[in-house]
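See below for the structure under consideration.
Chain identifiers are assigned alphabetically (A, B, ...) following the order of the sequence lines, protein sequences preceding nucleic acid strands; residue numbering begins at 1 within each chain. Keep in mind it's a predicted model, so treat the numbers as computed, not measured.
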4 protein chains.
Amino acid sequence: MTQTIAILGASGYTGAELVRLIATHPSLRAVALSGDRKAGMSMGDVFPHLRHLGLPDLVRIEDIDFAGVDLAFCALPHATSQAVIADLPRDLKVVDLSADFRLRDPADYQKWYGKPHSAPDLQKEAVYGLTEFYREQIRAARLVAGTGCNAAAGQYALRPLISAGVIDLDEIVIDLKAGVSGAGRSLKENLLHAELSGGTHPYSAGGTHRHLGEFDQEFSLLAGRSVRVQFTPHLMPFNRGILVTVYVRGDAAEIHATLAAAYAPEPFLEVLPFGALPSTRSIAGSNYVHVGVIGDRLPGRAVVMVAMDNLAKGSSGQAIQNANLMLGNDETAGLMLAPVFP
Amino acid sequence: MTQTIAILGASGYTGAELVRLIATHPSLRAVALSGDRKAGMSMGDVFPHLRHLGLPDLVRIEDIDFAGVDLAFCALPHATSQAVIADLPRDLKVVDLSADFRLRDPADYQKWYGKPHSAPDLQKEAVYGLTEFYREQIRAARLVAGTGCNAAAGQYALRPLISAGVIDLDEIVIDLKAGVSGAGRSLKENLLHAELSGGTHPYSAGGTHRHLGEFDQEFSLLAGRSVRVQFTPHLMPFNRGILVTVYVRGDAAEIHATLAAAYAPEPFLEVLPFGALPSTRSIAGSNYVHVGVIGDRLPGRAVVMVAMDNLAKGSSGQAIQNANLMLGNDETAGLMLAPVFP
Amino acid sequence: MTQTIAILGASGYTGAELVRLIATHPSLRAVALSGDRKAGMSMGDVFPHLRHLGLPDLVRIEDIDFAGVDLAFCALPHATSQAVIADLPRDLKVVDLSADFRLRDPADYQKWYGKPHSAPDLQKEAVYGLTEFYREQIRAARLVAGTGCNAAAGQYALRPLISAGVIDLDEIVIDLKAGVSGAGRSLKENLLHAELSGGTHPYSAGGTHRHLGEFDQEFSLLAGRSVRVQFTPHLMPFNRGILVTVYVRGDAAEIHATLAAAYAPEPFLEVLPFGALPSTRSIAGSNYVHVGVIGDRLPGRAVVMVAMDNLAKGSSGQAIQNANLMLGNDETAGLMLAPVFP
Amino acid sequence: MTQTIAILGASGYTGAELVRLIATHPSLRAVALSGDRKAGMSMGDVFPHLRHLGLPDLVRIEDIDFAGVDLAFCALPHATSQAVIADLPRDLKVVDLSADFRLRDPADYQKWYGKPHSAPDLQKEAVYGLTEFYREQIRAARLVAGTGCNAAAGQYALRPLISAGVIDLDEIVIDLKAGVSGAGRSLKENLLHAELSGGTHPYSAGGTHRHLGEFDQEFSLLAGRSVRVQFTPHLMPFNRGILVTVYVRGDAAEIHATLAAAYAPEPFLEVLPFGALPSTRSIAGSNYVHVGVIGDRLPGRAVVMVAMDNLAKGSSGQAIQNANLMLGNDETAGLMLAPVFP
């Protein structure tokens with residue numbers, strides 16, 4: 001069985017990662033690729049690493065015939081996505097990788113993204129795409145909103161702990177180290193090799209990063225009360241991977257046991273032995289997530305660390321995992337690729 | 001159908017790469033992993049990126065029961081390999097990744113490796129493992145010698161040109177840029193991040209690199225006369241990938257046409273359009289090889305470039321491709337993973 | 001005027017950094033260099049970047065005549081240092097870069113370093129070398145103990161705040177990102193380029209890192225009560241630089257004003273405008289320290305960040321700054337080199 | 001004595017490198033900095049690593065009063081430079097870092113840069129700035145043209161050999177590995193960290209790189225006949241440094257002796273012992289150049305390697321060295337900074 005796929009926004013990094021993963025997926029087949037500024041080009045010219053795949057050339061979205069398409073991945077920039085999806089056939093299954101449908105409340109969207117949402121009906125319809133925690137809703141959904149990559153990493157560290165009530169909800173600090181591919185293929189001075197390599201650059205500190213909107217929404221929903229975390233991201237001189245170092249209050253052994261129990265049935269979530277620390281190098285290129293817990297010398301304090309590939313599990317891998325659910329496939333189909341090391 | 005595999009020397013980088021590739025191979029299954037110094041450890045401790053795979057623990061070679069093994073990959077250090085393989089059951093299929101069986105002539109082995117070969121009978125039996133050029137012999141072989149990674153890259157640039165007689169055999173210069181994983185997981189000062197990163201380091205210049213033994217052997221055999229190339233390798237601050245820049249004399253268009261024709265049927269060899277230049281980033285993590293040709297402003301001169309992943313196509317990917325042939329599998333089984341970018 | 005200098009342990013990174021800085025220092029001259037395992041070699045063989053300097057060859061410590069030496073830098077491994085310094089002439093000025101004399105209390109030393117101190121008299125004599133806070137004692141000292149590089153970075157963030165009483169002493173979290181040169185030129189698997197590059201690796205988490213001994217000692221001394229911070233270091237894929245992200249409770253504006261006032265007279269400490277974030281790239285290769293403060297969306301919380309070159313200001317630059325004081329030089333002599341970027 | 005300096009184009013990498021080197025120069029003082037697009041900004045905002053220097057803010061060129069300026073460095077983009085310099089006072093000493101005055105012949109300029117030169121009189125007046133070979137002309141010059149960084153590296157390898165007649169002029173191949181800062185602070189997709197890091201990228205192959213204009217001009221002038229080399233540059237994943245691997249025909253020992261003799265009196269040119277190979281890491285951040293020679297196993301062939309910092313000796317360091325000559329300073333003033341390693 002072949003399931004036909006369109007990728008809108010195939011000329012960016014998440015688009016290319018979708019193509020990479022679909023290349024060895026047992027049933028998905030990319031039949032249409034859009035890339036407005038690069039329409040007319042072959043994917044091999046835009047991404048030489050994909051040149052062997054015999055892919056369709058990039059076209060404009062309006063030139064895609066969605067009649068024969070089973071599911072569309074929408075890997076467009078934030079804000080563009082909501083307009084494009086509003087114009088797609090209403091029965092087309094869509095997995096959106098932008099930020100447009102992550103926040104449920106139009107007021108939250110306006111607060112974090114600075115303008116009103118243009119498709120509030122779709123916003124209402126969309127299911128939040130953190131697979132392990134919204135599996136059944138995703139299976140039944142037509143429109144799934146991919147999570148922020150940083151937001152996913154933080155939630156993997158904290159959701160089971162909040163649900164189980166084993167940590168202090170008012171004392172959560174997330175210190176995040178992020179690879180540069182999360183910033184996309186955008187021409188910004190700070191993303192140049194000469195600027196970024198060989199050092200570390202904090203950004204969006206002090207509670208201003210947009211993924212806090214997701215943390216606020218999801219953690220508060222889980223806790224049944226307002227939860228506000230502290231969050232400091234740092235841009236790192238590597239291409240793939242996120243490490244979150246999460247400072248929490250609670251019993252470290254209980255925290256470890258809670259996470260281990262929560263993730264035991266999960267195919268992609270690996271809880272390391274107590275005290276072992278994860279590294280981004282050990283998950284790069286894959287859909288796997290490594291979770292570590294260690295206690296502190298200060299009683300009642302612990303650190304939870306999560307390592308995840310921002311492009312794979314944090315974005316395009318998650319999208320395919322969700323698409324598998326929406327299309328009735330085995331959830332792990334095409335996603336069992338082992339991490340690439342060294 | 002499951003084919004059972006032993007990996008001798010699974011605690012090094014080529015061993016780990018074999019495990020990575022076998023993880024999503026449709027029929028191969030790793031049933032025994034050896035690692036003498038690390039015997040008793042789990043692969044997840046030695047290589048955390050493989051921890052999810054449920055692999056057997058590392059054992060000593062002498063503790064492996066080869067009765068139930070269909071094929072052994074031998075990823076041991078040079079010189080160790082010949083002793084170990086001599087002790088394996090004589091009907092066990094073996095793909096060796098070391099340098100021990102690459103040179104056919106005991107005198108050549110002694111010249112390049114500085115001591116006599118201890119298993120000259122096996123050396124005679126071994127088939128040189130450059131798949132595209134020894135396919136039928138490999139299919140029938142019991143013992144296949146994996147090529148040097150640098151040697152493979154240079155041969156992909158030159159073999160069809162030598163066969164077709166379209167270049168001057170006395171005017172070949174190979175300038176090679178190599179990622180550091182080719183040096184293995186060895187504790188050497190020059191391989192430390194603090195020493196190697198951020199710069200470029202030539203080594204084994206002047207005609208002293210051991211892979212010249214393979215160039216001499218293979219090119220002379222092809223040409224029916226002695227061929228001696230000039231070869232300068234440079235260690236580069238990246239982990240995966242080899243780029244060879246090969247300076248040749250001949251008609252550039254003819255050179256391009258010759259390579260394009262030779263590699264048209266090959267599943268993993270991609271000849272770029274004339275004038276396009278390959279990059280190691282476009283093949284990293286995969287079994288694909290990119291080949292580019294450009295003419296020079298000086299008439300009668302051309303440059304052939306080849307980009308290849310030293311651990312995949314240059315070593316463990318090649319080994320699996322050869323194992324597929326030896327076991328009667330589709331040659332590309334398990335090897336169609338797309339390159340990882342960015 | 002020339003001041004003659006011996007460097008004990010000149011074959012490591014801090015030794016080489018001393019030589020680099022002394023190369024353009026107006027009065028210091030390196031007249032003896034030791035390197036036990038490399039005795040007999042020229043510095044140009046051990047560190048080719050220093051080959052133009054006409055340096056003395058490496059010798060064994062016992063072959064140095066200290067009669068003509070004004071000051072010795074001791075850049076030896078921890079534990080070795082205390083034995084060596086005990087044997088030096090008692091009137092020789094010494095700046096030690098090891099951990100051996102950082103902790104004043106023999107019990108603390110035993111706790112963090114796992115064995116009794118062998119030279120408790122020297123331990124008593126030694127002055128803690130954080131220049132800006134021990135300037136007068138250093139000027140009068142014979143033996144100065146260089147600080148831990150991580151310990152220096154954390155103290156630059158916190159000392160003025162503790163002294164001024166503007167932060168909560170029980171709620172301090174230091175999340176540290178460290179370049180790899182801090183680990184020295186040691187042959188460890190995790191320091192290989194193939195292992196370390198392209199990712200981030202937490203280590204010594206949970207309150208086990210030895211630099212906590214310095215934090216405990218210094219912060220408690222300042223506060224007049226026991227202060228215990230939480231501290232998580234992460235090894236980063238770059239060679240030079242430390243960034244500490246310090247989470248504190250207090251008024252952000254007051255915190256910024258306190259740091260700005262404290263460091264206004266300091267030649268090497270630059271407090272950025274409120275809300276500006278420092279980067280390690282902006283101080284690499286120099287003795288400068290960048291300090292940033294930002295408030296959090298959560299009232300009463302702030303983040304202080306400090307970027308510092310671990311080899312320069314965190315180790316060898318600090319050592320020369322202290323030597324300048326001990327020798328009656330201008331404190332900044334030889335240290336005004338601007339950072340190297342890009 | 002203070003010599004007042006204007007830097008036109010101070011917001012690029014070569015401009016920042018000039019400021020870095022001038023920061024510890026004994027007599028030069030930067031009194032005016034231009035940066036058209038960033039006029040009005042402080043240098044600390046444009047380059048945070050220079051924030052401690054108390055520099056003048058960036059202005060437009062037309063707002064600089066050149067009356068009080070002793071010498072101007074012109075670090076503007078190619079083509080812009082010739083127009084700007086034509087409008088400067090005719091008695092102002094100028095060191096130009098662009099490509100605009102490197103080629104003496106207007107026809108050559110048009111050939112390599114694609115349009116007619118707009119200031120042919122200045123082009124005639126300009127002295128080629130390869131200090132070691134044009135020292136006396138530079139001392140007397142008003143306008144000096146900085147060389148291409150790649151062109152400098154290649155000439156350091158070859159000029160003495162051509163002059164001495166010890167190599168075959170028709171058999172020269174230059175394979176060049178270049179750090180990315182040579183491409184400037186320009187927003188191009190291929191210069192992004194996510195694209196460039198972790199791999200190697202050939203470019204401008206086949207005889208199309210503009211620095212060939214300089215090779216052709218200089219080598220032919222030296223030889224008294226037309227000399228045409230083959231030249232292939234590769235962009236490398238590091239920020240500073242160029243390594244040229246130059247394949248020549250001649251007697252290796254004679255080649256080494258020729259270079260050693262030629263550079264013996266030179267303060268910045270270090271010829272390594274025969275057979276030793278240079279690395280870019282050993283000169284980064286400095287004005288030093290390392291030259292290595294090795295013979296090949298093929299009789300009559302040798303490889304000459306040169307490692308040089310493209311921003312320092314290849315551009316801004318060379319410019320200051322030339323300015324020192326033009327202003328009557330010690331040629332090495334401000335340039336003796338040792339390389340930064342690791």
Side-chain angles (χ1 to χ4, degrees), chain B residues 170-171 173-179 190 192-208 212 228-232 234-243 245 247 252 275 277-284 292-298 301-303 305 307 340-342, chain D residues 170-171 173-179 190 192-208 212 216 228-232 234-243 245 247 252 275 277-284 292-298 301-303 305 307 341-342:
Chain B
D170 296 318
E171 298 289 348
V173 174
I174 302 178
D175 191 281
L176 182 138
K177 296 87 182 166
N190 70 316
L192 293 174
H193 187 282
E195 304 277 326
L196 182 78
S197 63
T200 173
H201 302 76
Y203 70 103
S204 296
T208 60
L212 276 168
R228 294 289 176 268
V229 302
Q230 210 174 344
F231 173 46
T232 313
H234 303 74
L235 198 55
M236 290 291 157
F238 49 84
N239 294 334
R240 278 181 184 252
I242 289 175
L243 184 84
T245 309
Y247 297 88
L277 307 176
S279 154
T280 55
R281 286 294 302 280
S282 298
I283 48 75
V293 178
I294 190 168
D296 196 74
R297 60 170 186 163
L298 302 181
R301 300 200 186 191
V303 178
M305 296 184 185
V340 178
F341 176 90
Chain D
D170 296 318
E171 298 288 347
V173 173
I174 303 177
D175 191 281
L176 183 138
K177 295 88 180 165
N190 71 315
L192 294 174
H193 187 283
E195 304 278 326
L196 183 78
S197 63
T200 173
H201 301 76
Y203 69 104
S204 297
T208 61
L212 275 169
D216 290 356
R228 295 288 177 270
V229 303
Q230 210 174 344
F231 174 46
T232 313
H234 303 73
L235 198 55
M236 289 291 158
F238 48 85
N239 293 333
R240 279 179 183 253
I242 288 175
L243 183 84
T245 309
Y247 296 88
L277 306 177
S279 153
T280 55
R281 284 296 301 281
S282 298
I283 48 75
V293 178
I294 189 167
D296 196 74
R297 62 170 184 163
L298 302 182
R301 301 201 187 191
V303 177
M305 294 184 187
F341 177 90

| query | For B:Tyr203, is it the side chain, the backbone, both or neither that has a heavy atom under 4.5 Å from a heavy atom of chain D? | reply | backbone
| field | N/O donor-acceptor pair under 3.5 Å between D:Arg281 side chain and B:Glu195 backbone | value | yes
| note | Most heavy-atom pairs under 4.5 Å with chain D, out of B:Leu277, B:Leu192, B:Thr200, belong to B:Thr200
| Non-hydrogen atoms of chain D under 4.5 Å away: do they reach the side chain of B:Asn190, the backbone, both or neither? | neither
| query | Which region of D:Ala284, side chain (C-beta onward) or backbone (N, CA, C, O), has a non-hydrogen atom less than 4.5 Å from a non-hydrogen atom of chain B, or is it both or neither? | reply | neither
| said: Which atoms of B:Asn239 are under 4.5 Å from chain D, going by heavy atoms: the side chain, the backbone, both sets, or neither? | reply: neither
| message | Which heavy atom of B:Ala194 sits nearest to which heavy atom of D:Pro342, and what is that distance? | response | O-CB, 3.3 Å
| query | Is any side-chain heavy atom of D:Glu171 closer than 4.5 Å to a side-chain heavy atom of D:Arg301? | reply | no
| So do the side chains of D:Thr208 and B:Arg297 get within less than 4.5 Å of each other, counting heavy atoms only? | no
| query | So does D:Asp175 pair up with B:Lys177, basic N to acidic O under 4.0 Å? | reply | yes
| field | Which of D:Gly199, D:Gly295, D:Gly207 touches chain B most, by non-hydrogen pairs under 4.5 Å | value | D:Gly199
| query | Relative to chain B, which of D:Gly179, D:Ala205, D:Ala302, D:Gly275 shows the most heavy atom pairs under 4.5 Å? | reply | D:Ala205
| task | Please name the pair of heavy atoms, one in B:Thr232 and one in D:Tyr247, separated by the smallest distance, quoted to 0.1 Å. | result | OG1-OH, 2.9 Å
| message | So for D:Leu196, is it side chain, backbone, both, or neither that comes closer than 4.5 Å to the heavy atoms of chain B? | response | backbone
| chain D: which of B:Ser282, B:Pro202, B:Pro237 shares the most heavy-atom pairs with it under 4.5 Å? | B:Pro202
| Close side-chain approach of B:Met236 to B:Leu243, heavy-atom, < 4.5 Å | no
| query | Is the closest side-chain heavy-atom distance between B:Val303 and D:Gln230 below 4.5 Å? | reply | yes
| message | Under 4.5 Å from any heavy atom of chain D, what part of B:Ser197 do you find: side chain, backbone, both or neither? | response | both
| query | Picking from B:His234, B:Arg240, B:Met305, which has the most non-hydrogen pairs under 4.5 angstrom with chain D? | reply | B:His234
